[in-house]
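This report concerns only the one structure given below.
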Amino acid sequence: MPNIVLTRIDNRLIHGQVATMWSSSVGANLLLVANDDVAKDEFRQGLMDMAAPSFAQTRYFSIEKTINIIHKASESQHIAIICETPQDVLKLIEGGVPIKKVNIGNMHMVEGKRQVSKAVCVDDKDIESFKKLRKLGIELEIRRVPSESAESIEELFK
(Lines give C-alpha, C1' and ligand atoms only; values in the text may rest on other atoms or scores of the structure.)
Protein backbone atom coordinates (compact mmCIF):
# COMPACT_ATOMS: atom_id res chain seq x y z
CA MET A 1 0.00 0.00 0.00
CA PRO A 2 1.54 3.36 -1.00
CA ASN A 3 2.13 5.85 1.80
CA ILE A 4 0.14 8.84 0.46
CA VAL A 5 0.46 11.66 3.00
CA LEU A 6 -1.28 14.36 0.96
CA THR A 7 -3.36 14.69 -2.18
CA ARG A 8 -3.69 18.31 -3.27
CA ILE A 9 -5.43 20.11 -6.10
CA ASP A 10 -3.46 23.19 -7.09
CA ASN A 11 -3.39 24.76 -10.57
CA ARG A 12 0.20 25.82 -9.96
CA LEU A 13 1.22 22.26 -9.01
CA ILE A 14 4.66 22.57 -7.31
CA HIS A 15 5.42 26.17 -6.44
CA GLY A 16 7.62 27.91 -3.90
CA GLN A 17 6.71 28.40 -0.30
CA VAL A 18 3.41 26.51 -0.43
CA ALA A 19 5.14 23.33 -1.63
CA THR A 20 7.70 23.63 1.16
CA MET A 21 5.06 24.33 3.83
CA TRP A 22 2.84 21.41 2.82
CA SER A 23 5.73 18.99 2.37
CA SER A 24 7.12 19.88 5.80
CA SER A 25 3.70 19.75 7.43
CA VAL A 26 2.84 16.24 6.21
CA GLY A 27 6.37 14.83 6.09
CA ALA A 28 6.43 14.29 2.32
CA ASN A 29 9.72 13.23 0.79
CA LEU A 30 8.31 12.64 -2.71
CA LEU A 31 6.22 15.14 -4.68
CA LEU A 32 4.36 13.31 -7.42
CA VAL A 33 2.71 15.55 -10.00
CA ALA A 34 -0.01 13.50 -11.71
CA ASN A 35 -0.77 15.41 -14.89
CA ASP A 36 -0.78 14.27 -18.51
CA ASP A 37 0.54 17.57 -19.92
CA VAL A 38 3.34 18.08 -17.38
CA ALA A 39 4.48 14.47 -17.79
CA LYS A 40 5.52 15.44 -21.35
CA ASP A 41 6.81 18.97 -20.61
CA GLU A 42 10.44 18.98 -19.45
CA PHE A 43 10.54 22.78 -19.29
CA ARG A 44 7.67 22.93 -16.75
CA GLN A 45 9.22 20.05 -14.84
CA GLY A 46 12.48 21.99 -14.60
CA LEU A 47 10.69 25.06 -13.25
CA MET A 48 8.91 22.96 -10.63
CA ASP A 49 12.13 21.20 -9.66
CA MET A 50 13.56 24.63 -8.82
CA ALA A 51 10.55 25.39 -6.59
CA ALA A 52 10.51 22.01 -4.85
CA PRO A 53 11.98 21.73 -1.35
CA SER A 54 15.48 20.24 -1.23
CA PHE A 55 14.39 17.41 1.06
CA ALA A 56 11.86 16.00 -1.42
CA GLN A 57 12.25 14.18 -4.71
CA THR A 58 9.95 14.99 -7.62
CA ARG A 59 8.22 12.78 -10.16
CA TYR A 60 6.05 13.83 -13.10
CA PHE A 61 3.72 11.05 -14.22
CA SER A 62 0.69 10.88 -16.45
CA ILE A 63 -2.57 9.90 -14.77
CA GLU A 64 -2.32 6.41 -16.27
CA LYS A 65 1.30 5.91 -15.19
CA THR A 66 0.44 7.05 -11.67
CA ILE A 67 -2.38 4.49 -11.51
CA ASN A 68 -0.08 1.76 -12.85
CA ILE A 69 2.96 2.46 -10.69
CA ILE A 70 1.74 3.89 -7.34
CA HIS A 71 1.34 0.46 -5.75
CA LYS A 72 5.05 -0.24 -6.35
CA ALA A 73 6.09 2.67 -4.11
CA SER A 74 8.45 1.94 -1.26
CA GLU A 75 7.15 2.25 2.31
CA SER A 76 9.88 4.83 2.89
CA GLN A 77 8.31 7.11 0.28
CA HIS A 78 5.95 9.59 1.90
CA ILE A 79 4.06 10.72 -1.17
CA ALA A 80 2.33 14.03 -1.82
CA ILE A 81 0.26 13.73 -4.97
CA ILE A 82 -0.42 17.05 -6.67
CA CYS A 83 -3.06 17.38 -9.37
CA GLU A 84 -4.25 20.31 -11.42
CA THR A 85 -7.96 19.48 -11.42
CA PRO A 86 -10.58 17.52 -9.49
CA GLN A 87 -11.13 15.49 -12.66
CA ASP A 88 -7.56 14.17 -12.44
CA VAL A 89 -8.02 13.22 -8.78
CA LEU A 90 -11.26 11.42 -9.64
CA LYS A 91 -9.50 9.45 -12.43
CA LEU A 92 -6.76 8.41 -9.98
CA ILE A 93 -9.29 7.19 -7.42
CA GLU A 94 -11.40 5.40 -10.03
CA GLY A 95 -8.16 3.79 -11.24
CA GLY A 96 -7.45 2.35 -7.79
CA VAL A 97 -5.14 4.91 -6.20
CA PRO A 98 -5.96 4.71 -2.47
CA ILE A 99 -6.75 8.36 -1.77
CA LYS A 100 -8.92 9.07 1.29
CA LYS A 101 -8.68 12.87 1.58
CA VAL A 102 -8.19 15.71 -0.91
CA ASN A 103 -6.83 19.13 -0.04
CA ILE A 104 -8.13 21.80 -2.41
CA GLY A 105 -5.62 24.62 -2.63
CA ASN A 106 -5.79 26.87 -5.66
CA MET A 107 -8.16 26.65 -8.59
CA HIS A 108 -7.72 29.86 -10.57
CA MET A 109 -10.44 32.00 -12.09
CA VAL A 110 -10.83 31.50 -15.81
CA GLU A 111 -13.74 32.18 -18.11
CA GLY A 112 -16.73 30.03 -17.18
CA LYS A 113 -15.74 29.57 -13.53
CA ARG A 114 -17.16 31.20 -10.43
CA GLN A 115 -15.41 31.91 -7.16
CA VAL A 116 -16.52 29.80 -4.19
CA SER A 117 -13.73 30.66 -1.73
CA LYS A 118 -10.67 32.91 -1.50
CA ALA A 119 -8.60 30.70 -3.79
CA VAL A 120 -11.06 28.29 -5.40
CA CYS A 121 -13.06 28.88 -8.57
CA VAL A 122 -15.19 26.12 -10.10
CA ASP A 123 -17.27 25.31 -13.13
CA ASP A 124 -19.97 22.67 -13.60
CA LYS A 125 -17.40 19.95 -14.47
CA ASP A 126 -15.53 20.66 -11.24
CA ILE A 127 -18.74 20.54 -9.19
CA GLU A 128 -19.70 17.22 -10.77
CA SER A 129 -16.26 15.78 -9.95
CA PHE A 130 -16.45 17.00 -6.34
CA LYS A 131 -19.92 15.42 -6.00
CA LYS A 132 -18.55 12.11 -7.30
CA LEU A 133 -15.59 12.30 -4.92
CA ARG A 134 -17.88 12.95 -1.96
CA LYS A 135 -20.16 10.09 -3.04
CA LEU A 136 -17.09 7.82 -3.04
CA GLY A 137 -16.49 8.79 0.59
CA ILE A 138 -13.48 11.02 -0.07
CA GLU A 139 -12.93 13.71 2.56
CA LEU A 140 -12.58 17.15 0.96
CA GLU A 141 -11.06 20.28 2.48
CA ILE A 142 -10.33 23.75 1.15
CA ARG A 143 -7.12 25.00 2.71
CA ARG A 144 -4.39 27.01 1.03
CA VAL A 145 -1.64 26.48 3.61
CA PRO A 146 -1.32 24.16 6.63
CA SER A 147 -1.46 27.02 9.15
CA GLU A 148 -4.93 28.14 8.00
CA SER A 149 -8.20 26.63 9.09
CA ALA A 150 -10.14 24.69 6.49
CA GLU A 151 -12.91 26.60 4.73
CA SER A 152 -16.43 25.28 4.20
CA ILE A 153 -16.68 22.96 1.22
CA GLU A 154 -20.43 23.36 0.79
CA GLU A 155 -19.99 26.04 -1.89
CA LEU A 156 -18.31 23.39 -4.04
CA PHE A 157 -21.65 21.67 -4.54
CA LYS A 158 -23.87 24.59 -5.58
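This one's a predicted model, so the numbers in the text were calculated from it and none came from an experiment. Index from 1, following the sequence.
With rounding to the nearest 0.5 angstrom, the SG atom of C121 is 7.5 Å from the NZ atom of K113. Atoms NZ and CG, from K131 and L136 in turn, are 14.5 Å apart once rounded to the nearest 0.5 Å. Note that OG1 of T7 and CD of E139 are 11.5 Å apart. Values are rounded to the nearest 0.5 Å. Rounding to the nearest 0.5 angstrom, the gap separating the CD1 atom in I104 from the CZ atom in R143 is 11.5 Å.
The heavy-atom pair separating I4 from P98 by the smallest distance is CD1-O, 3.9 Å. The minimum heavy-atom distance between H71 and I67, with the atom names listed, is CD2-O, 4.2 Å. Heavy-atom minimum distance, L13 versus R44: CD1-NH2, 3.6 Å. The two residues S117 and I142 have their closest heavy-atom pair at OG-CG2, 3.7 Å. Across every non-hydrogen atom of V97 and T66, the tightest pair is CG2-O, 4.5 Å. Smallest separation of non-hydrogen atoms from G112 and D123: O-CB, 3.5 Å.
A distance-only check finds a donor-acceptor pair linking the side chain of W22 to the backbone of R144 [under 3.5 Å]. A donor-acceptor distance shorter than 3.5 angstrom exists from the side chain of S24 to the backbone of T20, with no hydrogens or angles considered. Checked by atom type and distance alone, the side chain of D41 never pairs as donor or acceptor with a backbone atom of D37 at under 3.5 Å.
By the 4.0 Å N-to-carboxylate-O rule, E141 lies close enough to K101 to be salt-bridged with it. Salt-bridge formation is detected for the pair D10/R8: a Lys NZ or Arg NE/NH1/NH2 atom is positioned less than 4.0 Å from an Asp or Glu carboxylate oxygen. E154 and R134 are joined by a salt bridge, as a carboxylate oxygen and a charged side-chain nitrogen come within less than 4.0 angstrom of each other.
By the side-chain hydrogen bond (donor to acceptor under 3.5 Å, both in side chains) test, S149 is found to be paired with no residue, residues two or more places apart in sequence or in another chain being considered.
For residues 76-89, the set of pairs meeting the side chain to side chain donor-acceptor pair (under 3.5 Å) definition, not counting sequence neighbours, comprises N3-H78, N35-E84, S74-S76, T85-Q87, Q87-D126, Q87-S129.
Proximity of P2 to K72: side-chain heavy atoms (C-beta onward) are nowhere separated by under 4.5 Å. Within the 4.5 Å cutoff, the side chain of I138 has heavy atoms near those of the I93 side chain.
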For residues 49-57, tabulate all N or O donor-acceptor pairs below 3.5 Å that involve a side-chain atom, not counting sequence neighbours.
from, atom 1, to, atom 2, distance (Å)
D49, OD1, T58, OG1, 2.6
D49, OD1, Y60, OH, 2.7
Q57, OE1, R59, NH2, 3.3

Applying side-chain contact (heavy atoms from CB on, under 4.5 Å), run through E151 and K118 and close with a yes or a no.
CA-CA 9 Å; E151 297 178 43; K118 284 187 255 183; 4.0 Å; yes

